[in-house]
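Everything below concerns the one structure shown next.
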There are 2 protein chains.
Amino acid sequence: MSQTVKALLELRDLILSGELPPGEKLSELPLVEKLGVSRTPLRMALVKLEAEGLVEVTANGGYAVRGFTETEIFDAIELRGTLEGMAARLAAERRPEGKRERLAEIRDCVGALDTLIRRHRLSGDDFYDYVRLNERFHTELIALSGSRVVQRAVDQIMTLPFASPNAFVFVQSELPESREILVIAQEHHRAIVEAVAAGEGTRAEALAREHSRVARRNLEIALNTRQGFERVPGASLFRLAAAV
Amino acid sequence: MSQTVKALLELRDLILSGELPPGEKLSELPLVEKLGVSRTPLRMALVKLEAEGLVEVTANGGYAVRGFTETEIFDAIELRGTLEGMAARLAAERRPEGKRERLAEIRDCVGALDTLIRRHRLSGDDFYDYVRLNERFHTELIALSGSRVVQRAVDQIMTLPFASPNAFVFVQSELPESREILVIAQEHHRAIVEAVAAGEGTRAEALAREHSRVARRNLEIALNTRQGFERVPGASLFRLAAAV
DNA sequence: TTTTGAATTTCTGTATACAGAAAATTTGAA
DNA sequence: TTCAAATTTTCTGTATACAGAAATTCAAAA
């Protein structure tokens with residue numbers, strides 16, 4: 001692994017874990033010492049993190065950790081929903097190479113999720129499997145669009161951890177209505193695939209958008225409980241108006 | 001201006017002008033000589049260009065100029081339409097700080113476009129003014145959404161010059177149906193502002209999306225004529241299946 | 001003539017030294 | 001004590017040297 005990649009991964013980790021809080025100035029020399037790499041790869045990593053949006057340039061040169069308002073977090077989720085909606089619509093409207101195979105693949109994924117959710121009590125391992133399958137569903141959906149351009153845009157917004165479809169699954173798992181939410185989300189999954197297969201672009205898009213609102217709802221719940229809030233990935237990046 | 005910015009601007013120019021064609025390997029030493037900067041700022045610029053999407057990493061380290069298929073170009077335009085649609089919907093649905101002033105601003109812009117288009121013959125200067133006003137309209141629309149997240153996503157896709165709303169204006173200006181296209185695009189502008197002002201989110205979104213199809217139509221025309229093709233910004237980046 | 005292996009060159013990734021600008025600190029005067 | 005100026009320190013941006021890997025070239029043998 002190159003030093004640049006090492007610096008990138010470790011810096012991202014320091015930021016998302018909250019060790020480097022929002023607004024924190026990222027002076028190079030202290031970071032060089034902390035990460036054990038020289039300034040050259042460190043600066044490369046900072047440029048990449050700026051492109052990702054986790055870090056911003058300050059007025060007089062240098063970088064600082066970026067903070068996110070509540071609205072920005074909601075917008076990031078909504079943007080993901082919009083992009084997944086576009087992907088779903090394109091998937092439905094187009095006949096790209098290998099669409100049959102991809103559809104079989106995503107149906108398989110939805111089937112596995114079905115099996116999982118039918119269990120009455122979900123163990124910790126089950127939840128881990130759910131996260132994996134859920135991520136696979138979203139990855140496959142984007143792949144089904146066959147659009148590299150959409151792929152890039154989705155990857156971009158997903159660098160914000162709270163924009164990920166799995167961001168709030170662990171919060172959700174502790175709610176009394178957890179099971180109902182899983183059932184609803186799964187119905188979205190099923191219907192999206194159905195719409196894509198049938199070439200129903202508008203329906204596929206609307207469903208993918210609505211599906212992202214599950215994440216939004218979970219976030220709203222999480223923001224109202226301290227232990228929920230702390231479980232959200234990248235929670236330290238939040239700059240909330242009302243103290244939590 | 002820093003050496004990094006200099007390298008970034010000059011490299012971007014070399015790529016968009018076609019002097020560095022798609023697939024061209026970007027070896028550092030020749031570029032250092034050509035640009036007159038050292039390797040450090042050059043590499044910074046390459047990282048930024050990769051984030052922009054104009055350049056891609058090759059298998060064994062190093063960068064190459066990225067080429068775009070016809071589908072990717074259409075997708076880029078469609079993605080811009082989708083993002084502007086989201087922006088228009090948010091602008092319609094929300095009441096952000098300073099929305100009144102922003103609406104007045106964009107109405108002013110639409111008014112200026114109206115005056116311009118009413119002229120029977122558009123001079124070269126007129127077209128230049130049109131490009132400026134058209135760009136201002138699109139900038140203002142994004143600003144009206146009040147969403148930094150959407151702003152970033154739009155900026156990202158707009159780094160591809162053929163995704164810009166003005167990409168095909170000059171091609172269009174030489175078509176017999178040029179005037180009709182301007183009238184149609186202007187009706188879109190007018191109706192988008194009307195919908196945003198009235199809080200009609202769905203209508204605003206649909207119109208902004210359809211508006212991007214003007215660019216697509218112009219591109220399709222441009223791709224069928226050699227002199228049209230050559231006038232498209234970033235035309236050298238196209239990797240078309242059928243030779244042009 | 002072709003193929004294989006060795007030698008050479010080229011290229012990228014990294015560390016570091018240096019310069020100029022910005023920030024912080026200290027010193028001197030009111 | 002407080003403010004201003006000057007000095008020192010710190011920090012970023014840049015150039016460059018070096019190491020290791022990859023690619024290329026060349027030579028020799030089949």
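In this text the structure is predicted, and so the values were computed from the model without any measurement. Every chain is numbered from 1 and lettered A, B, ... according to where its sequence line falls, protein lines coming before strand lines. Keep in mind that the numbers below use all heavy atoms, side chains included, and drop hydrogens, waters and symmetry copies.
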Next on the checklist: Less than 4.5 Å apart, side chain to side chain, heavy atoms only: is that true for E105(B) and D108(B)?
Outcome noted: no
Item to check | Residue from R94(A), R148(A), R152(A) passing salt bridge (Lys or Arg N to Asp or Glu O under 4.0 Å) with D75(B) | outcome: R94(A)
Next on the checklist: Please confirm whether the shortest side-chain N or O distance from T40(B) to OP1 or OP2 of dT14(D) is below 4.0 Å.
Outcome noted: no
Next on the checklist: Would you say the rings of F168(A) and F162(A) are close, in the sense that their centroids are separated by under 6.0 Å?
Outcome noted: no
Checklist entry - Taking the six-membered ring of F68(B) as reference, does the NZ or CZ atom of R239(B) fall below 6.0 Å from its centre and within a 45° cone about the axis? => result no
Checklist entry - Name the one of L8(B), L29(B), T4(B), L35(B) that satisfies side chain to side chain contact (heavy atoms under 4.5 Å, CB included) with L42(B)? => result L35(B)
I'd like a list of close polar pairs between nucleotides 10-13 of chain D and the protein, N/O only, cut-off under 3.5 Å.
unit_1  : atom_1 : unit_2 : atom_2 : d
dT12(D) : OP2    : E28(A) : N      : 3.3
dG13(D) : OP2    : R43(A) : NH2    : 2.1
dG13(D) : O5'    : R43(A) : NH2    : 3.3
dG13(D) : N7     : R39(A) : NH2    : 2.8
dG13(D) : O6     : R39(A) : NH1    : 2.8

